[in-house]
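I have placed the structure first, in the form of structure tokens, so that the comments after it can refer back to it.
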Amino acid sequence: RQALEEMRALYERNQADVSEAKSGRTDLIFLIRFRHCCLLRNQRCLLAYLYDRLLRIRALRWEYGSVLPNTIQFHMSAEEVEWFNRYKKSLATYMKSVGGKEGLDLTQDIKPPKSLYIEVRCLRDHGEFEIDDGTIILLKKNSQHFLPRWKCEQLIRQGILEHILS
């Protein structure tokens with residue numbers, strides 16, 4: 001906001017000096033150019049800042065999944081939340097288009113797995129959880145289960161399950 005205010009002030013001073021320079025004061029041309037260079041520099045800095053925020057918001061989709069925690073969403077502007085939602089939909093559309101009928105969930109294995117099944121402990125009550133073979137598992141606090149990694153990785157990221165390392 002400070003950079004935008006500074007840019008607004010520089011622009012207004014330049015506009016005033018440009019009208020004076022048109023009336024014959026050529027000594028103001030260097031000052032006008034200097035302010036213009038300051039405006040361009042501030043513009044580049046703001047664009048770099050916004051691009052960095054965009055990359056961080058995109059990384060949030062891969063880290064937290066399709067639903068952001070309220071603590072993170074609170075610090076985002078309405079436009080950033082809208083961009084996140086559009087990115088989420090675009091990614092979902094792409095994942096459905098590859099990998100056959102069911103699609104391919106690219107967000108499952110951030111790191112290559114060492115084994116297909118892992119032992120997990122439930123950190124809080126979650127309710128029933130169905131795996132591919134139709135088995136329904138009740139996820140209660142402190143219960144331990146041996147589950148397919150790809151089915152429970154999202155729950156691990158959400159803090160519902162924790163991976164028990166042997």
Side-chain angles (χ1 to χ4, degrees), residues 1-11 38-166:
R1 289 183 184 149
Q2 289 175 337
L4 286 174
E5 288 301 319
E6 179 183 332
M7 288 176 73
R8 189 171 293 121
L10 286 170
Y11 182 78
C38 291
L39 283 168
L40 292 176
R41 179 202 173 273
N42 285 358
Q43 181 184 24
R44 283 192 312 272
C45 290
L46 287 173
L47 288 174
Y49 170 76
L50 291 173
Y51 183 67
D52 182 62
R53 278 191 70 92
L54 180 97
L55 292 178
R56 289 174 191 252
I57 292 169
R58 185 175 68 182
L60 290 174
R61 168 58 182 93
W62 292 86
E63 185 177 343
Y64 290 101
S66 60
V67 178
L68 289 176
N70 289 334
T71 56
I72 291 176
Q73 204 167 7
F74 175 75
H75 295 288
M76 295 169 60
S77 68
E79 292 81 10
E80 290 171 335
V81 171
E82 180 184 337
W83 188 90
F84 177 82
N85 289 330
R86 281 190 280 137
Y87 178 72
K88 174 179 68 173
K89 288 177 186 174
S90 177
L91 182 62
T93 302
Y94 175 73
M95 289 190 301
K96 285 179 186 175
S97 71
V98 295
K101 290 181 187 176
E102 297 178 18
L104 177 66
D105 191 357
L106 298 173
T107 63
Q108 282 298 325
D109 290 320
I110 304 287
K111 297 177 185 171
K114 293 183 181 178
S115 64
L116 295 178
Y117 285 81
I118 58 172
E119 191 171 356
V120 291
R121 177 182 298 121
C122 193
L123 299 175
R124 60 179 185 229
D125 289 339
H126 182 68
E128 294 182 347
F129 181 70
E130 185 176 350
I131 57 177
D132 281 347
D133 62 1
T135 307
I136 296 177
I137 298 168
L138 184 60
L139 297 177
K140 293 179 97 175
K141 186 174 182 174
N142 294 325
S143 62
Q144 293 185 359
H145 307 278
F146 196 64
L147 298 172
R149 173 184 293 275
W150 69 275
K151 281 298 275 187
C152 59
E153 192 163 286
Q154 191 73 24
L155 294 173
I156 292 171
R157 277 192 239 134
Q158 292 173 1
I160 296 168
L161 298 175
E162 83 174 326
H163 183 190
I164 300 173
L165 301 172
S166 302

When rounded to the nearest 0.5 angstrom, what is the spacing between CD1 in I160 and NE2 in H126? 4.5 Å
Could you walk me through whether W83 and R58 pass the side-chain contact (heavy atoms from CB on, under 4.5 Å) test, one step at a time? CA-CA 9 Å; W83 188 90; R58 185 175 68 182; 3.9 Å; yes
Could you give the side-chain donor-acceptor pairs of residues 140-148 under 3.5 Å, partners two or more places apart or in another chain?
residue: S143; atom: OG; partner: K140; partner atom: N; Å: 3.3
residue: S143; atom: OG; partner: K140; partner atom: O; Å: 2.7
residue: S143; atom: OG; partner: H145; partner atom: NE2; Å: 2.9

With a cut-off of 6.0 Å (strictly less than), are more than 12 heavy atoms of other residues, nucleotides or ligands near CD of Q2? no
Using a strict cut-off of less than 4.0 Å between a Lys/Arg side-chain nitrogen and an Asp/Glu carboxylate oxygen, indicate whether R157 and E63 qualify as a salt bridge. no
Decide yes or no for R149 and H163: does some side-chain heavy atom of the first lie under 4.5 Å from some side-chain heavy atom of the second? yes
Does some side-chain heavy atom of L139 sit less than 4.5 Å from a side-chain heavy atom of L155? yes
Roughly how far, to the nearest 0.5 Å, is the CG atom of N70 from the NE2 atom of H75? 11.0 Å
Separation between CD of E128 and OG1 of T135, rounded to the nearest 0.5 Å: 12.0 Å
Side-chain contact, heavy-atom cut-off 4.5 Å: Q73 with F84? no
Can you check side-chain contact (heavy atoms from CB on, under 4.5 Å) on L60 and I72, steps first, answer last? CA-CA 9 Å; L60 290 174; I72 291 176; 3.7 Å; yes
Out of curiosity, C122 SG to L138 CG, how far, rounded to the nearest 0.5 Å? 8.5 Å
Going by heavy atoms in the side chains, are L161 and R121 under 4.5 Å from each other? no
With heavy-atom distances below 4.5 Å as the criterion, would you say the side chains of I156 and V120 are in contact? yes
Show the nearest heavy-atom pair for residues C38 and L10, with the distance to one decimal. CB-CD1, 3.8 Å
With side chains defined as the heavy atoms from C-beta onward, is the minimum distance between F129 and K151 less than 4.5 Å? yes
Between I57 and Y87, is any pair of side-chain heavy atoms under 4.5 Å apart? no
Minimum heavy-atom separation for K88 to R61, with atom names? CG-NE, 4.0 Å
Does anything in residues 38-49 pair up under side chain to side chain donor-acceptor pair (under 3.5 Å), and if so which pairs, sequence neighbours excluded? E6-N42
Does S90 reach the main-chain N or O of R86 with its side chain, forming a donor-acceptor pair under 3.5 Å? no
So do Y94 and V98 actually touch side chain to side chain, heavy atoms under 4.5 Å? yes
Under 3.5 Å, is there a donor-acceptor pair between the side chain of N85 and the main chain of V81? yes
Show your working on side-chain contact (heavy atoms from CB on, under 4.5 Å) between M76 and L68 and close with a plain yes or no. CA-CA 11 Å; M76 295 169 60; L68 289 176; 3.7 Å; yes
Evaluate side-chain contact (heavy atoms from CB on, under 4.5 Å) for V67 paired with Q158, printing each intermediate quantity in order. CA-CA 10 Å; V67 178; Q158 292 173 1; over 6 Å; no
For atom CG of D52, is the number of surrounding heavy atoms from other residues, nucleotides or ligands below 6.0 Å larger than 12? yes
